[in-house]
Amino acid sequence: MTAFVNSIEINRPADEVFAYVVDPAKFPEWQRDVTRVSVQGDEVGSRFTTVRKIGGAERSMTQEITESVPPRTWAARGVDGPIRPNATVDIEPITDDRCRVTFGLDFDGRGMASALVPMVRRMAAKAAPASHQRLKLLLEGRG
């Protein structure tokens, strides 16, 4: 089951959108809950750690890039912690300077944290559209 799928159209070329969207170092610019990121590389197998403010506390999560096919597809999966995010980004060119970005997000729980996954899915589904709108505004030069 995928917790969340959302698509937005952005008035920028697909290659430019891809380069920005899948760069974890840029996440704090458009994902308001991300406070900092540590990146160990940008190819498949590389890892990055995001620190997010969740419920008033900071939580770190390490993910591994599992797929990267510029400028079309990117995916990462959580590799540590009791709740592990799994994210996908698919970019479809509409015209030379417009594309559709589809985000997929889900979570796996480990041990007792499995009981929290439905709540985390709801929280993510509620928060993600605002991040995606901020991304659109930033990339279109209106943010």
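Computed over heavy atoms, backbone and side chain alike; hydrogens, waters and symmetry mates excluded. Along the sequence shown, residues are numbered consecutively beginning with 1.
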Under 3.5 Å, which donor-acceptor pairs link side chains of residues 17-28 to any protein atom two or more places apart or in another chain?
residue	atom	partner	partner atom	Å
Tyr20	OH	Glu29	OE1	2.5
Asp23	OD1	Ala25	N	3.0

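- Side-chain N or O atoms of Thr49 include none that pairs as donor or acceptor with a backbone N or O of Thr62 at under 3.5 Å.
- Legend: salt bridge (Lys or Arg N to Asp or Glu O under 4.0 Å) pairs involving residues 64-76, not counting sequence neighbours, sorted by first then second residue: Arg47-Glu64, Glu64-Arg77.
- Residues satisfying the salt bridge (Lys or Arg N to Asp or Glu O under 4.0 Å) criterion with Arg36, sequence neighbours excluded, are Glu58.
- Distance alone, capped at 3.5 Å, is enough to place a donor-acceptor pair between the Thr35 side chain and the Val51 backbone.
- Judged as a salt bridge (Lys or Arg N to Asp or Glu O under 4.0 Å), and not counting sequence neighbours, Arg84 has no contacts.
- For CZ of Arg32, the number of neighbouring non-hydrogen atoms (other residues, nucleotides, ligands) closer than 6.0 Å is 12 at most.
- Considering CD of Glu92 and OG1 of Thr102, their distance stands at 7.0 Å, rounded to 0.5 Å.
- Summarising the geometry, atom CG belonging to Asp90 is positioned 11.5 Å from atom SG belonging to Cys99; distances are rounded to the nearest 0.5 Å.
- With sequence neighbours excluded, no residue satisfies side chain to side chain donor-acceptor pair (under 3.5 Å) with Asp15.
- Between the CG atom in Leu138 and the CD atom in Gln133 there is a gap of 10.5 Å [rounded to 0.5 Å].
- With contacts defined as side-chain heavy-atom distances shorter than 4.5 Å, the pair Trp74/Ile91 does not qualify.
- Nearest heavy-atom pair across Ala113 and Ile83 is CB-CG1, 3.9 Å.
- Closest approach of Pro85 and Leu105 over heavy atoms only: CB-CD1, 4.4 Å.
- Atom CD1 of residue Ile94 and atom CG of residue Asn11 lie 8.5 Å apart, to the nearest 0.5 angstrom.
- Counting only heavy atoms from C-beta outward, the side chains of Met61 and Ile54 approach each other to under 4.5 Å.
- Side-chain contact between Thr73 and Thr88 is absent, with no heavy-atom pair separated by less than 4.5 Å.
- Counting all heavy atoms, side chain and backbone alike, Pro118 lies closest to Ala115 at CD-O, 3.5 Å.
- The CE atom of Met123 sits 8.5 Å away from atom CZ of Phe107, with the distance rounded to the nearest 0.5 Å.
- Between atom CE of residue Met119 and atom CG of residue Leu116 there is a gap of 5.0 Å, rounded to the nearest 0.5 Å.
- In this structure Thr66 satisfies the side chain to side chain donor-acceptor pair (under 3.5 Å) test with no other residue, sequence neighbours excluded.
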*Applying side-chain contact (heavy atoms from CB on, under 4.5 Å), run through Trp30 and Leu137 and close with a yes or a no.*
CA-CA 9 Å; Trp30 60 278; Leu137 293 173; over 6 Å; no
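- A pairwise comparison of heavy atoms in Ser68 and Ile65 identifies CB-CG2, 4.4 Å as the closest pair.
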